**Q** 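Have a look at this one.
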Amino acid sequence: MKWLGSTFLAIFMAASAQAEDIVTTGDLGLVVERASGSLLLVDQSERSSIARIEGLGDLSHASLVYSPDQRYAYVFGRDGGLTKVDIARKEITDRVVQSGNAIGGAISDDGTLVAVSNYEPGGVRIFDAETLEMVADIPTDSKTIGLVDAPGRRFVFTLWDAGETWIADMSSGDPQITKITEIGANPYDALITGDGRLYITGLFGEDGLTAIDLWSPEPKPIRVLPDNGRGQQDLPVYKMPHLEGWARAGREFVLPAVGHHQVLWIDGGSLEETGRTDTYGQPVFAMARPDGRQVWVNFAHPLNDTIQVIDTLTKEIVHEFKPGPAVLHMEFSPRGHEVWISVRDAGKVMIYDTRTFEKRGEFEAESPSGIFFTSRAHKTGL
């Protein structure tokens with residue numbers, strides 16, 4: 001009996017040690033520290049940072065995506081770096097500098113391919129998600145923007161210089177390219193809806209936006225709000241606004257206006273304008289809470305200390321506050337009960353209740369910018 005007792009104790013201790021090594025990823029996220037080329041690993045429940053991962057190069061305009069199991073993050077740096085990070089082990093597992101200047105990326109719906117959108121030399125390069133070996137190089141002779149994943153192992157991206165959108169179908173291994181021309185002048189960013197059907201590109205060189213129905217056998221450009229802004233004097237654009245899949249609130253899209261102190265409301269079916277909301281400054285992000293009941297908006301310099309909250313039923317501003325200097329990014333908890341806000345010049349990440357607007361916590365970070373929770377792993381376009 002003594003031997004059985006000691007054996008049981010040994011098994012119990014070994015199991016306990018293994019249990020301590022288990023990391024659950026669903027409650028984690030990463031915060032980009034843009035000035036130091038590092039990431040903070042954060043815990044949503046604890047409202048705190050738990051580790052710093054260093055050595056990721058130039059993160060001055062960085063974004064990232066997650067593997068389907070939420071364990072790995074693929075970080076796209078401004079210096080062309082593609083870095084694979086193991087958040088369970090809190091370390092970099094691989095890194096390649098694949099271009100001179102990159103502007104974001106995407107991961108395929110099956111999690112096997114990672115694509116990077118490049119300014120220099122332009123084009124899109126696609127890598128094996130496991131090894132980071134390049135499997136396809138798609139030259140475009142143009143800066144590429146608005147790169148997203150689409151169902152069916154496809155990537156969609158747009159050419160700033162040429163005004164075209166390309167669909168790269170990787171389902172057969174080699175890229176099969178569909179080119180859609182006459183998108184408009186100088187497209188600057190794009191979003192794809194959560195169902196993977198509608199791809200919408202914002203235009204900087206002319207008024208309006210362009211939509212593409214990816215379910216169509218022969219996708220064609222659909223002009224949206226072609227008269228937007230005409231007859232109005234554009235303001236200087238201090239920071240380009242961002243379009244992402246979070247901009248859909250219920251049956252409508254809410255999108256930042258370029259060069260105006262407004263957000264635009266567009267019916268998700270007809271793509272007709274349904275309203276405008278005047279805002280405090282030039283919007284950068286207009287982000288719908290996951291339930292679609294609110295839209296949170298931050299602004300470009302020099303008015304970037306403020307956030308406004310818009311009620312989606314009335315399209316009116318219901319709350320305004322100033323978290324601090326240089327509010328760069330917001331990220332909602334998966335069910336929307338909290339929002340995390342990076343306040344770069346205060347060196348803090350601040351956390352607020354989205355219903356009471358009370359501050360729930362904060363922690364220090366080195367020039368924080370993008371905030372990315374692992375729940376993005378299961379969302380098209382994010």
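Here, residue 1 is the first one in the sequence, and each next residue gets the next number. As the structure is a computational prediction, the values presented were derived from the model and not from experiment.
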**Q** Do the side chains of Arg293 and Asp311 get close enough for a salt bridge, i.e. N-O under 4.0 angstrom?
**A** yes

**Q** With a 3.5 Å distance limit and no angle check, can you tell me whether Thr210 reaches the backbone of Pro221 through a side-chain donor-acceptor pair?
**A** no

**Q** Within a reach of under 6.0 Å around CD of Glu130, are more than 12 heavy atoms found that belong to other residues, nucleotides or ligands?
**A** no

**Q** With the side chain counted from C-beta on, respond yes when Ile341 and Ile307 share a heavy-atom pair under 4.5 Å apart, and no when they do not.
**A** yes

**Q** Mind checking whether Val297 and Val254 sit in one hydrophobic cluster, side chains of I, L, V, M, F, W, Y counted as touching below 4.5 Å?
**A** yes

**Q** In a check of side chain to side chain donor-acceptor pair (under 3.5 Å) between Ser117 and each of Thr144, Thr140, Thr158, which one passes?
**A** Thr144

**Q** Grab the two heavy atoms, one from Asp128 and one from Val135, that are nearest each other, plus how far apart they are.
**A** N-CG1, 4.0 Å

**Q** More than 12 heavy atoms of other residues, nucleotides or ligands under 6.0 Å from CD of Glu91: is that the case?
**A** yes

**Q** Taking all heavy atoms of Ala249 and all of Val295, pick out the closest pair and write down the distance.
**A** CB-CG2, 4.2 Å

**Q** Is it true that a side-chain atom of Asp161 and a backbone atom of Lys143 form a donor plus acceptor pair closer than 3.5 Å?
**A** yes

**Q** Does a side-chain N-to-carboxylate-O contact under 4.0 Å join Asp137 and Arg125?
**A** yes

**Q** Can Asp353 and Arg355 be counted as an ion pair, charged N to O under 4.0 angstrom?
**A** no

**Q** Show me the donor-acceptor pairs within less than 3.5 Å that the side chains of residues 94-103 make with the rest of the protein, sequence neighbours left out.
**A**
from, atom 1, to, atom 2, distance (Å)
Arg95, NH1, Leu56, O, 3.1
Arg95, NH1, Thr83, OG1, 2.7
Arg95, NH2, Asp79, OD2, 3.3
Gln98, OE1, Asn118, ND2, 3.1
Gln98, NE2, Gly80, O, 3.2
Gln98, NE2, Asn118, OD1, 2.8
Ser99, OG, Asn101, N, 3.4
Ser99, OG, Asn118, OD1, 2.7
Asn101, OD1, Arg78, NE, 3.4

**Q** Any chance you could measure Glu366, atom CD, to Leu39, atom CG, to the nearest 0.5 Å?
**A** 11.5 Å

**Q** When you compare the side chain of Trp160 with that of Tyr119, does any pair of heavy atoms fall below 4.5 Å?
**A** no

**Q** Do you know the tightest heavy-atom contact between Leu214 and Ala150?
**A** CD1-CB, 4.4 Å

**Q** Side chains of Ser38 and Glu33: donor-acceptor distance under 3.5 Å anywhere?
**A** yes

**Q** Taking the basic N atoms (NZ, or NE/NH1/NH2) and the acidic carboxylate oxygens, is any pair closer than 4.0 Å for Arg251 and Asp267?
**A** no

**Q** To the nearest 0.5 Å, what is the distance between CD1 on Ile145 and OG1 on Thr201?
**A** 6.0 Å

**Q** So do the side chains of Thr374 and Ile87 get within less than 4.5 Å of each other, counting heavy atoms only?
**A** yes

**Q** Should Arg276 and Leu264 count as side-chain neighbours, where that means a heavy-atom distance under 4.5 Å?
**A** yes

**Q** Which heavy atom of Gly37 sits nearest a heavy atom of Leu59, and at what distance?
**A** C-CD1, 3.6 Å

**Q** Given Thr112 and Arg153, is the side-chain hydrogen bond (donor to acceptor under 3.5 Å, both in side chains) satisfied, shown in steps?
**A** CA-CA 9 Å; Thr112 63; Arg153 218 166 182 243; 3.0 Å; yes

**Q** Under a 3.5 Å threshold, yes or no: a donor from one side chain and an acceptor from the other, between Thr274 and Glu252?
**A** yes

**Q** Is there a side-chain contact between Leu382 and Phe372 (heavy atoms, below 4.5 Å)?
**A** no

**Q** Measuring only between side-chain heavy atoms, which start at C-beta, is Gln308 closer than 4.5 Å to Phe299?
**A** yes

**Q** Which label fits Trp296 and Phe321: parallel for a plane angle under 30°, tilted from 30 to 60°, or perpendicular past 60°?
**A** perpendicular

**Q** Kindly assign one of parallel, tilted or perpendicular to the pair Trp166 and Phe157, based on the angle between their ring planes and the thresholds 30° and 60°.
**A** tilted

**Q** Got Val116 and Tyr74 here, is their nearest side-chain heavy-atom distance under 4.5 Å?
**A** no

